[in-house]
Amino acid sequence: MYSPAAPGLPVSAHSVLDVVPQLAGQSAAAALRETVEVAQAADDLGYRRFWLAEHHGVRGTGSASPAVLAAILAARTDRIRLGSGAVLLTNHQPLVVAEQFAALAAAYPSRIDLGVAKAPSAPPSTAVALGWTDKAWDSFPQRLDELCRFLRDGLPGRAPVGDVRLALAGLPPPVFVLADSPAGAQVAAVRGLPVFLSHHTASAATLAAAAAYRDSFEPTGPTGKPYVGVTVGVVAADTDEEAVSRLAEYVRVKGRLKTASNRATPAELMHLLEPPITNRERSRAERLLDDPGYVVGSRSGVASGLATVAATTSADEIMLVPLAFDSLVRSAILRTVAAGLTRAIRTIPRHAPHFVATA
């Protein structure tokens, strides 16, 4: 499916973005338990980070609170970095976010990341519940500055921001900006912050956004040099045919959950998911195969596709978005990708406690 490419980035330069998928009829405890298992698989395989997105009011998605989820996962993994991808900063007061992640960084030194982004549009009922205002939605750059100031000036020996002293201040977690446009990337660049570009949702803008970021970068941030990551939707399997079939199944389930009534019962949702895939759903999945933000195929094909993404975007890191609801499939995708990148599975003995949750 993909042409041979130059050697790409190692597994350690790949990360994972998860949304805590929750299928119809599945308990919250089961969804959490399965996400813990996927994070542990990523940890064992040598991936760099495991981030949780922030979504509200999206059926089938349980990642509404990245800070809480990161704490759960950090306690049950050994090495992998945990964080948000992203906290939607226009939904929160910067001080609250700074204090949450300062506490996480104190509990898990050198293992916590703070990714932030501007909240996308949302249904009116969700926007009202989150307390959105036009002023808040347009205030992302100012909130980002305030967040960084709280984290930086909360360090011992530094003067507090005004009269506010950051609780549990210590070595702050690194701050990343997630963006899907040149303008969003420049917000990170002028502040000297690393950026992750949402290649899997806005691939048409990725190259322009990467160029704008590098052209506008000010070496005043913590790294002193540009750092670009890109997200990629991925399905990897033993064969190209199996990978395409799994992608079609993901598209089928996600599309039907999206169109379901907000008042639908679990039984109604399960009934909605019963019929086999339609031609329209299959066509929707096939169109994704032509999107450069998606890499779908066998072990060798996916490795080649990811190498192409890295070469095309000059990315320093690739963040994988495993396209599956089932945790076993998500973990299998990560194992297949790792095997394609390294041609060997590296398993590390686990020391973190198992996650126990009852339905």
Side-chain angles (χ1 to χ4, degrees), residues 17 51-58 63-68 70 83-105 112-155 158-167 169 172-198 201-202 205 208-209 212-213 215-218 220-223 227-229 231:
L17 178 61
W51 283 4
L52 292 310
E54 179 183 343
H55 289 291
H56 299 278
V58 180
S63 58
S65 181
V68 174
S84 55
V87 167
L88 303 179
L89 199 51
T90 40
N91 290 347
H92 309 279
Q93 292 299 324
L95 174 61
V96 174
V97 177
E99 290 181 331
Q100 289 173 344
F101 280 81
L104 283 170
I112 299 300
D113 298 323
L114 173 51
V116 297
K118 183 177 181 178
S121 59
S125 57
T126 302
V128 170
L130 290 169
W132 276 13
T133 65
D134 291 340
K135 182 178 180 181
W137 198 78
D138 292 331
S139 66
F140 175 69
Q142 293 77 23
R143 290 180 181 229
L144 176 59
D145 289 338
E146 189 175 349
L147 172 71
C148 292
R149 197 160 56 246
F150 277 126
L151 289 171
R152 180 186 63 244
D153 293 347
L155 287 169
R158 296 289 295 267
V161 179
D163 293 326
V164 179
R165 171 70 69 181
L166 187 70
V175 176
F176 299 77
V177 173
L178 279 73
D180 61 4
S181 68
Q186 286 177 317
V187 170
V190 299
R191 291 164 175 79
L193 296 174
V195 71
F196 270 87
L197 302 176
S198 189
T201 64
Y213 173 79
D215 290 344
S216 304
F217 188 82
E218 296 288 343
T220 56
T223 63
Y227 190 91
V228 177
T231 63

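Index from 1, following the sequence.
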Sequence neighbours left out, what passes side-chain hydrogen bond (donor to acceptor under 3.5 Å, both in side chains) with [X]? Give chain and number order.
{"X": "Thr231", "value": "His200"}
{"X": "Ser63", "value": "none"}
{"X": "Ser216", "value": "Gln186"}

message = If you apply the rule side-chain contact (heavy atoms from CB on, under 4.5 Å), what do you find for Val175 with Phe101, and how did you get there?
response = CA-CA 10 Å; Val175 176; Phe101 280 81; over 6 Å; no
message = Asp138 vs Lys118, test: side-chain contact (heavy atoms from CB on, under 4.5 Å). Steps then yes/no.
response = CA-CA 9 Å; Asp138 292 331; Lys118 183 177 181 178; 4.3 Å; yes
How close do [X] and [Y] get, counting heavy atoms only, and between which atoms?
{"X": "Phe150", "Y": "Leu166", "answer": "O-CD2, 3.5 Å"}
{"X": "Ala188", "Y": "Pro194", "answer": "CB-O, 4.2 Å"}
{"X": "Asp180", "Y": "Ala202", "answer": "O-CB, 3.8 Å"}
{"X": "Val177", "Y": "Gly184", "answer": "CG1-O, 4.2 Å"}
{"X": "Gly192", "Y": "Pro222", "answer": "O-CD, 3.8 Å"}
{"X": "Ala117", "Y": "Leu178", "answer": "CB-O, 3.6 Å"}

task = Evaluate the ring planes of Phe176 and Phe196, with Trp represented by its six-membered ring, and classify them as parallel (under 30°), tilted (30 to 60°) or perpendicular (over 60°).
result = tilted
Output the distance between atom [atom1] ([X]) and atom [atom2] ([Y]), rounded to the nearest 0.5 Å.
{"X": "Arg149", "Y": "Leu144", "atom1": "CZ", "atom2": "CG", "value": "10.5 Å"}
{"X": "Leu130", "Y": "His56", "atom1": "CG", "atom2": "NE2", "value": "5.0 Å"}
{"X": "Leu151", "Y": "Glu99", "atom1": "CG", "atom2": "CD", "value": "10.0 Å"}

Is the backbone of [Y] close enough, under 3.5 Å, to the side chain of [X] for a donor and an acceptor to pair up by distance?
{"X": "Arg143", "Y": "His92", "value": "yes"}
{"X": "Ser84", "Y": "Gly115", "value": "yes"}
{"X": "Ser139", "Y": "Gln142", "value": "no"}

request  = Would you indicate whether the side-chain heavy atoms of Leu52 and Ser65 approach each other to under 4.5 Å?
outcome  = no
